[in-house]
J.: 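Structure in structure tokens, see below.
Quick note on labels: first sequence line is chain A, next is B, and so on, each numbered from 1. Source: prediction; values computed, not measured.
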Number of protein chains: 2
Amino acid sequence: MAERKVNATSTQVAKLAGVSQSAVSRAFTPGASIAESTRRKVVQAARKLGYQPNAIARSLSTKRSKIIGIVIANVTTNPFYPEVLDALSRQFQQRGQRVMLFVVTRDQNLDDILPQLLEYRVDGILLTAATLSSAMAHECARLGVPVTLFNRSVPDAHASSFCCDNIEGGRMAARLFMKSGHHQFAFVAGSHDTSTSLERERGFREELQKHGLEPYIEMGKFSYQGAFDAARRLMKLPKSPDAVFCANDIMAIGVLDALRHAEQKKVPEEVSVIGFDDIPMADWPSYNLTTIRQPIERMIDSAVNDLLDRINHDTMAPKQELVAGDLVVRSSARLPSGLSSGWVISTSETRNV
Amino acid sequence: MAERKVNATSTQVAKLAGVSQSAVSRAFTPGASIAESTRRKVVQAARKLGYQPNAIARSLSTKRSKIIGIVIANVTTNPFYPEVLDALSRQFQQRGQRVMLFVVTRDQNLDDILPQLLEYRVDGILLTAATLSSAMAHECARLGVPVTLFNRSVPDAHASSFCCDNIEGGRMAARLFMKSGHHQFAFVAGSHDTSTSLERERGFREELQKHGLEPYIEMGKFSYQGAFDAARRLMKLPKSPDAVFCANDIMAIGVLDALRHAEQKKVPEEVSVIGFDDIPMADWPSYNLTTIRQPIERMIDSAVNDLLDRINHDTMAPKQELVAGDLVVRSSARLPSGLSSGWVISTSETRNV
DNA sequence: AAAAATGATGAATGCGTATGCAAACATGCA
DNA sequence: TGCATGTTTGCATACGCATTCATCATTTTT
């Protein structure tokens, strides 16, 4: 009973249904001009043969692959990115796009991997935790493939970008530290060539400098262990800091662990720590991390909408969007009077959750 | 200077190079019969036009998409899976296959999503943390698309599967608990319909039953919070357990946090906890989790090799492989005398690391 | 030197679908 | 009934590449 024929084609279905191949194609094309009666004949024949349209052939014919290329880094080192990947791929999925995934290392050169995406004529490209050489940006522009950067500021006007306001985030951290009476400040950087780390550092530093203060800078390599080690170095300094801002949560957690378990410091009594992202772990009772929350849902909605819009209207210009983050107050940093754990402070408002 | 032509074709390159389209195709096909001199002409013309072979057209022609479909769940709730995804996609990448990704929820029905993969004529399918209906298994078999399950035992002889030896893992946990003098045992399950959780429970329970012991079972829903709540329920029991084995590490960490921060229990003095997976966090000083390590690299190598082999030799039969896990001794569980933190115990040997 | 083997090349065809176009058909209206 | 309008349908072709086959050029063998 089960037909042993592998991968029936529209022509075979057509023959069985007694119609033309065009009719079969139309039966599977929403909105095509076809009588309900013939559609039913076709669908029946298709089912009998186990027919399923060949998306590869369709792509060739329509010049639309319905595939989005996603490039992502740090998937194992920072829980923020699995979160991003999950949300992105669900969104695209839901909106009828498939996802071709490339997992890269932070420092891997995209110039080798973007061509692999372009080979498959992806309809659009989304880069997360990865940057784009301007040569590649031009190449994509030339080919008419829209590119969106997520969580990286744009190096080139050819691409869209969706970021949290990192500079303002850094400022918020600095202000909270200063308001609650800290004296020595430090920033644990992710790397020296990543916009997220650089901008968060810059906001933090500039806000301190307004008050004549200067933070220590240590390199945490965007990893738990790197930040763990950075914290130990900081604590060896003659005037060790009592306020440490980290370029992301996973490093903040590394710092916390180092302070508590290797340096026997009380957090936040002796040292305060603030992170960035608000990953789920930040809310765990072992950490209770005060942090700047990236409004990931909103950022992703915007990024997906923008990319799909640019795919469908090729005249549309790329867009750069900066979304404000919220300061989530927990208990890894000393609080100024009047504030208690559980508050969320956004740039424009303060609301309890 | 820069040609404004979008997506040059092999025919255009052929014209510019003064050769036939076949020659262009051969120039980009490793091992094809073509003179070095004409290849150079072609490559030069191709560069001038910014030509890149169209993988979609190639797929249609060769009936090989060079795409692997990966379906994965739990990407945000269990750090083990980002690890798996990272390793898998790198491996495939490196071996010339692209990855089409589908992120699903644990209970999502794959019968809706596998057809989407099949539409693109993927060369093979790899499922992680997801199970396959036997209808779908047959469908894939009929179409000649090899399927591999990772970390799920096989429901159907049509698919390969690569798993850690969960039953033996459960046994090891039970033996360690018993050897170090625990009295009341509990298992925090992930779900009641997942082979990993069921098998780990079964090994644990059977080993205890050999000694006339019976564990409590609580449901942890494969999540930190679910396990956190499960631990609180366990501690409310009249004879609360002093030995808790969890179906995975992220739940073990939830249990640890509940014990320490909500129940004021000392770990391991009052309660011992063992997990499963050995995710990176298990080694963090805040947790120091004793756990069963899944030899993820080895499992992934086997899975990738098997899938690629079956793609290339369609006569090859699917394979079921069980890889032994190692018990990694840290300090979340009391130790029997003679054992100290830092030891790794495998089924056949005990070696220090 | 001729014969045979080897290598390089282009013309033609097929992969499976979508779609423009013209023909066929159905429907409404006068 | 006749005509204009709108809907369905099939034919033919295009999408971009790989590959077979026959042809021709080149090298090796005898």
J.: Earliest and latest nucleotide of DNA chain D, 5' to 3', sitting under 4.0 Å from a non-hydrogen atom of chain A?
T.: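 For DNA chain D, the relevant span reads D/dT8 to D/dG16.
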J.: Keeping the roles fixed (side chain from B/Arg95, backbone from B/Val304), state whether a donor-acceptor pair exists under 3.5 Å.
T.: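 No, B/Arg95 side chain to B/Val304 backbone: no donor-acceptor pair under 3.5 Å.
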J.: What distance do B/Met316 atom CE and B/Leu307 atom CG have between them, rounded to the nearest 0.5 Å?
T.: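 With rounding to 0.5 Å, CE (B/Met316) is 11.5 Å from CG (B/Leu307).
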J.: Scan residues 9-32 of chain A for pairs that pass salt bridge (Lys or Arg N to Asp or Glu O under 4.0 Å), counting only residues two or more places apart or in two chains.
T.: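 Checked against salt bridge (Lys or Arg N to Asp or Glu O under 4.0 Å) - neighbours excluded - no pair reaches residues 9-32 of chain A.
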J.: Go through residues 40-47 of chain B and report each residue with a non-hydrogen atom lying under 4.0 Å from DNA chain C, sorted by number.
T.: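 Close to the strand, none.
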J.: Going by the salt bridge (Lys or Arg N to Asp or Glu O under 4.0 Å) test, which pairs reach into residues 49-75 of chain B, not counting sequence neighbours?
T.: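 Applying salt bridge (Lys or Arg N to Asp or Glu O under 4.0 Å) to every pair that reaches into residues 49-75 of chain B, excluding sequence neighbours, yields A/Glu119-B/Arg58.
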J.: Enter the distance from A/Leu126:CG to A/Thr148:OG1 here, rounded to the nearest 0.5 Å.
T.: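 The distance works out to 5.5 Å.
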J.: Ignoring hydrogens and geometry beyond distance, is a side-chain donor-acceptor pair present between A/Arg121 and A/Ser59 at under 3.5 Å?
T.: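 Per modelled atom types, A/Arg121 and A/Ser59 side chains form no pair under 3.5 Å.
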J.: Looking at B/Gln44, I'd like to know if its CD atom is crowded, meaning that more than 12 non-hydrogen atoms belonging to other residues, nucleotides or ligands lie closer than 6.0 Å.
T.: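 No, because the 6.0 Å sphere around CD of B/Gln44 holds 12 heavy atoms or fewer from other groups.
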J.: Polar pairs (N or O, both sides) under 3.5 Å between protein and nucleotides 6-8 of chain C?
T.:
residue	atom	partner	partner atom	Å
C/dA8	OP2	B/Ser33	OG	3.4

J.: So A/Leu117 and A/Val71, do their side chains get closer than 4.5 Å, heavy atoms only?
T.: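 They are in side-chain contact.
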J.: Check whether the ring centres of B/Tyr51 and B/Phe28 lie less than 6.0 Å apart, and answer yes or no.
T.: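 Centroid separation for B/Tyr51 and B/Phe28: below 6.0 Å.
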J.: For B/Gln320, I'd like to know if atom CD has over 12 heavy atoms of other residues, nucleotides or ligands within 6.0 Å.
T.: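 Result for CD/B/Gln320: enclosed.
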J.: For nucleotides 16-27 of chain C, just jot down a letter per nucleotide in 5' to 3' order: B, S or -, based on protein non-hydrogen atoms under 4.0 Å.
T.: BBBBB-------
J.: Which atom pair, heavy atoms only, marks the closest approach of B/Ala23 to B/Ile34?
T.: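 Heavy atoms of B/Ala23 and B/Ile34 come nearest at O-CD1, 3.5 Å.
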J.: If we ignore angles and hydrogens, is there a donor and acceptor under 3.5 Å between the side chains of B/Thr76 and A/Asp86?
T.: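 No donor-acceptor contact under 3.5 Å links the two side chains.
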